[in-house]
Amino acid sequence: MTDGAPRVERDGDAVRITMVRAARRNALSREHLTQLLAAVTDVGESDATGIVLAAEGPVFSAGHDFADVAGKPVAEVRSLLQLCTELMQTIQDVPQVVVARVHALATAAGCQLVASCDLAVAAESAGFAAPGGKGGWFCHTPMVAIARNVGRKRAMELALTGDVIGARTALEWGLVNRVVPDAELDAAVADLLDRATRGSRASKAWGKQTMYAQLDRPERDAYTTAVEVMAAASQLDGAREGMAAFLEKRSPVWTD
């Protein structure tokens, strides 16, 4: 493991990927983005059913490392942002359920990281911001994911003011699923992940990917996509077993 690489730990069917660059506020440098992308990709190819994305230190993630951007030519900055986008999209492409465990401040691309996860649980001490709005480099790419979580007016408030919102506001706005006392964060993450990963793994993986495929499409197009996938998915072993178990009034036995 290279210096500062995320820690990857498996516990049963779940894998925790923990950012450990506390001294750098878990900034998403080019090196760190590459490491996170490799870790998520590796777990995505495993038989794990869930991923917890966590961090250590006083900040969950401060977003991009300006040392990778200041004074760099546009092509180099573009490639950095493309790498970051690849990580965000991979989080949504892997078959596992991905839960962000947010214990502290998540800003800019760090907030984008939370918004890109399937689910998010925040400690009461957590905070969220897109600070480019009050600086000189607007948070264009972070707002792609954030806006799709919170809606237009709230996204504009976050983007234009750059102000930090607390965990309870993030919950109200739809950026996170749960807010719990700091001491209960791990238990709440485990509970949500357990409930989100039960059932047929193959069915859920297809379901996750189809959700992202249809969410931002017009309703008619979304239904076209969903009808075709749902019809095909009825032939999965998990679907057949789930329906048979219901009709036979017994507990299902999942094989996938």
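FYI, the numbering just counts along the sequence from 1.
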Verify, without hydrogens or angle tests, whether [X] (side chain) and [Y] (backbone) share a donor-acceptor contact under 3.5 angstrom.
X      : Y      : answer
Asn26  : Ala62  : no
Glu56  : Met19  : no
Gln96  : Val43  : yes
Lys134 : Asp163 : no
Thr141 : Leu81  : no

> Going by atom types alone, do Asp118 and Tyr212 pair a side-chain donor with an acceptor below 3.5 Å?
Replying inline: yes
Once you round to the nearest 0.5 Å, how far does [atom1] of [X] lie from [atom2] of [Y]?
X      : Y      : atom1 : atom2 : value
Leu83  : Glu31  : CG    : CD    : 11.5 Å
Ser116 : Leu87  : OG    : CG    : 7.5 Å
Cys84  : Gln89  : SG    : CD    : 10.0 Å
Asp256 : Ser200 : CG    : OG    : 3.0 Å
Leu236 : Trp206 : CG    : CH2   : 5.5 Å
Ile165 : Leu158 : CD1   : CG    : 4.5 Å

Which heavy atom in [X] sits nearest to a heavy atom in [Y], and how many Å separate them?
X      : Y      : result
His103 : Gly57  : NE2-O, 2.6 Å
Gly162 : Ala129 : O-CB, 4.0 Å
Ala123 : Ala167 : O-CB, 3.4 Å
Gly63  : Ala108 : CA-CB, 4.4 Å
Ala205 : Pro95  : CB-CB, 3.4 Å
Ile146 : Cys111 : CD1-SG, 3.6 Å

Check the hydrophobic clustering (I, L, V, M, F, W, Y; side-chain heavy atoms under 4.5 Å; chains of links allowed) and say if [X] and [Y] are grouped together.
X      : Y      : value
Leu33  : Trp137 : yes
Val20  : Leu36  : no
Val59  : Leu28  : no
Val15  : Ile91  : yes
Leu160 : Val144 : no

Which residues pass the side-chain contact (heavy atoms from CB on, under 4.5 Å) test with [X], sequence neighbours left out?
X      : answer
Asp237 : Thr255
Ala38  : none
Leu171 : Arg168, Val176, Val179

How about [X]: does its [atom1] atom have over 12 heavy atoms from other parts shown lying under 6.0 Å from it?
X      : atom1 : value
Asp11  : CG    : no
Glu219 : CD    : no
Arg25  : CZ    : no
Met243 : CE    : yes
Arg220 : CZ    : no

> Can you list every pair that meets side chain to side chain donor-acceptor pair (under 3.5 Å) and has a residue in residues 58-81, with sequence neighbours left out?
Replying inline: Arg24-Asp65, Arg30-Ser79
Is the shortest heavy-atom distance from the side chain of [X] to the side chain of [Y] under 4.5 Å?
X      : Y      : answer
Leu80  : Val69  : yes
Thr90  : Val94  : yes
Cys139 : Gln112 : no
Arg16  : Arg101 : yes
Arg217 : Thr224 : no
Trp254 : Arg201 : no
Asn149 : Trp173 : no
Phe128 : Val102 : yes

> Between Arg152 and Glu157, is a salt bridge (charged side-chain N to carboxylate O under 4.0 Å, His left out) present by the stated rule, with each step listed?
Replying inline: CA-CA 9 Å; Arg152 292 190 180 194; Glu157 183 174 341; over 6 Å; no
> Given the rule in the side chain to side chain contact (heavy atoms under 4.5 Å, CB included) test, do Arg198 and Arg195 qualify, once you have shown the distances and angles that lead to the verdict?
Replying inline: CA-CA 6 Å; Arg198 61 193 171 195; Arg195 291 185 292 110; 3.7 Å; yes
> Got a sec, which hydrophobics cluster with Leu193, joining ILVMFWY side chains under 4.5 Å apart, including via others?
Replying inline: Val52, Val97, Val99, Leu119, Val121, Val180, Leu185, Val189, Leu192
> By salt bridge (charged side-chain N to carboxylate O under 4.0 Å, His left out), which residues pair with Glu9, not counting sequence neighbours?
Replying inline: Arg7
> Salt bridge between Glu184 and Arg178, side-chain N to carboxylate O under 4.0 Å?
Replying inline: no
>> Working note: Asp13 + Thr197, criterion side chain to side chain contact (heavy atoms under 4.5 Å, CB included); need CA distance, chi angles, decisive distance, verdict.
In response: CA-CA 9 Å; Asp13 290 329; Thr197 55; over 6 Å; no
